[in-house]
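Right, one structure below, let's go through it.
Below, all heavy atoms of this structure are taken into account, side chains as well, without hydrogens, waters or symmetry copies. All values reported here derive from a predicted model rather than from experimental measurement.
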Amino acid sequence: MIKFFTLFLTVALADTPKPDSSEEEDTSQEESEKVPDAPSSSEVEASGEIIIYGERELARTRSALDSQIRAQGYGTVKKSEGKTVYRPDIAWKPSVIIYDEGYMLLRRTPVRFEPWIQGKKDNKLRYLSCIPPFTVLCIRSGWLVNGRKLAHSKEEMVEVSLPAFETWQAQVIAQATENRIQNEVPALLDALWIEGRSITSREIVLDSHEMRKKELLLFWKSRACTPEGDRVRQTIEAYIAFEVQASEYAFIELAQLEQEACGLKLNERLTALVE
């Protein structure tokens with residue numbers, strides 16, 4: 001038995017070259033490293049609606065994070081809906097899970113069974129190295145590592161990856177904010193003014209335009225005192241000035257709109273907008 005196994009190893013190692021990192025990785029690696037040639041934020045459809053916000057920058061920062069993780073010994077990458085899972089080459093290191101929403105989780109690497117001799121993944125003969133009594137050599141598991149060693153690995157992973165992760169996360173948040181301001185808020189305003197659907201609940205229908213105007217004003221006043229909140233207020237102000245005031249249900253006098261928020265006066269901003 002020992003003579004047979006020794007002979008097998010000699011043949012297998014001679015016929016199978018050292019693994020190339022690109023061959024060992026899942027095919028999803030190629031996709032994750034490609035940065036799409038996305039249109040810039042200034043490109044628009046014929047309707048005038050902006051369809052892309054910072055896609056190029058988002059792809060660039062995500063690619064940088066991907067490269068940073070791979071450089072730490074994460075050669076197997078698998079994608080599923082909404083997340084990317086990085087498995088370490090060394091089983092006792094934690095697995096890294098990146099969610100498209102912009103957050104990262106570290107987990108113990110699950111048990112896996114793989115040949116202990118080197119070679120290409122598609123070389124099934126390598127699994128002959130796992131026949132008894134050598135089966136135990138093919139078991140890889142992060143569950144066997146003690147808590148202290150795992151914690152140290154997690155800290156090291158976070159420390160190295162944090163700058164790239166935070167840059168990508170900031171871009172995810174920025175794009176989500178831009179999408180809300182440019183697309184979601186105007187859609188909410190249209191649904192309120194044209195269809196009477198309340199901004200707080202689409203199940204509520206406001207029949208009169210007077211009720212709709214009151215909700216518009218409340219929506220303006222309730223925005224947060226942040227740069228993003230002020231951009232939403234500006235969108236509401238533009239809607240009032242150029243949509244509401246152009247209709248037969250316009251406010252009689254803009255100067256009479258005395259709502260205030262974050263030290264800002266609605267009547268002054270509307271007056272400056274239409275002048």
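Remark: side-chain polar atoms of R107 are not paired, donor with acceptor, to backbone N or O of I97 under 3.5 angstrom. Proximity of a side-chain donor or acceptor of R223 to a complementary backbone N or O of F219 within less than 3.5 Å is detected. Remark: the backbone N or O of E57 is paired with a side-chain donor or acceptor of T61 at under 3.5 angstrom.
Taking 4.5 Å as the limit, every side-chain heavy atom of I173 sits out of range of all side-chain heavy atoms of E228. Put simply, the side chain of Y239 reaches to within 4.5 Å of the side chain of V244, judged on heavy atoms. Taking the side chain as every heavy atom from C-beta outward, Y74 and P94 approach each other to under 4.5 Å. Considering only heavy atoms from C-beta on, E258 comes within 4.5 Å of N267 through its side chain. In this structure, R180 and L188 have side chains that are in contact, with non-hydrogen atoms separated by less than 4.5 Å. Using a 4.5 Å cut-off on side-chain heavy atoms (C-beta onward), S80 and K83 make contact. Side-chain contact between K221 and L266 is absent, with no heavy atoms from C-beta onward closer than 4.5 Å.
Here Q259 contributes atom CD and L264 contributes atom CG; the two are 13.0 Å apart, rounded to the nearest 0.5 Å. Atoms OG1 and CG, on T76 and D89 in that order, are 6.5 Å from each other to the nearest 0.5 Å. Separating the CD1 atom in I236 from the CG atom in L217 is a distance of 9.5 Å, to the nearest 0.5 Å.
Sorted by first and then second residue, the pairs that involve residues 194-207 and meet side chain to side chain donor-acceptor pair (under 3.5 Å), not counting sequence neighbours, are E195-R197, S198-T200, S198-E215.
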Step by step, would you call Q234 with R269 a side-chain contact (heavy atoms from CB on, under 4.5 Å)? CA-CA 9 Å; Q234 291 175 22; R269 287 165 66 101; 3.4 Å; yes
Derivation and outcome, side-chain contact (heavy atoms from CB on, under 4.5 Å), residues E268 and E260: CA-CA 10 Å; E268 293 180 356; E260 295 187 18; over 6 Å; no
Carefully, step by step, assess K213 and E210 under the rule salt bridge (Lys or Arg N to Asp or Glu O under 4.0 Å). CA-CA 5 Å; K213 288 192 289 187; E210 288 303 315; 3.1 Å; yes
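P186 and T235 get closest at one heavy-atom pair: CG-CG2, 4.3 Å. The two residues E237 and L270 have their closest heavy-atom pair at O-CD2, 3.4 Å. Across every non-hydrogen atom of I69 and V96, the tightest pair is CD1-CG1, 4.1 Å.
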Give every donor-acceptor pair under 3.5 Å between a side-chain atom in residues 156-170 and any protein atom, sequence neighbours left out.
from : atom 1 : to   : atom 2 : distance (Å)
S161 : OG     : Q72  : NE2    : 2.8
S161 : OG     : M157 : O      : 3.1
T167 : OG1    : P163 : O      : 2.9
Q169 : NE2    : G102 : O      : 2.7

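Every residue was checked against the ring-ring contact (aromatic ring centres under 6.0 Å, His included) condition with F242, not counting sequence neighbours, and none meets it.
Connection of F251 to I199 is established within a shared hydrophobic cluster, with ILVMFWY side chains joined at heavy-atom distances below 4.5 Å, either directly or through further cluster members. Hydrophobic clustering (side-chain heavy atoms under 4.5 Å, transitive across Ile, Leu, Val, Met, Phe, Trp, Tyr) keeps L218 apart from L192. By the rule that hydrophobic residues join a cluster once side-chain heavy atoms approach within less than 4.5 Å of another member, L105 and Y86 end up as members of separate clusters. Cluster membership for V85 and L65, using ILVMFWY side-chain heavy atoms within less than 4.5 angstrom, is not shared. Residues V185 and L273 do not share a hydrophobic cluster, defined by chaining ILVMFWY side chains whose heavy atoms lie under 4.5 Å apart.
Ring geometry for Y249 versus H209: interplanar angle under 30°, hence parallel rather than tilted (30 to 60°).
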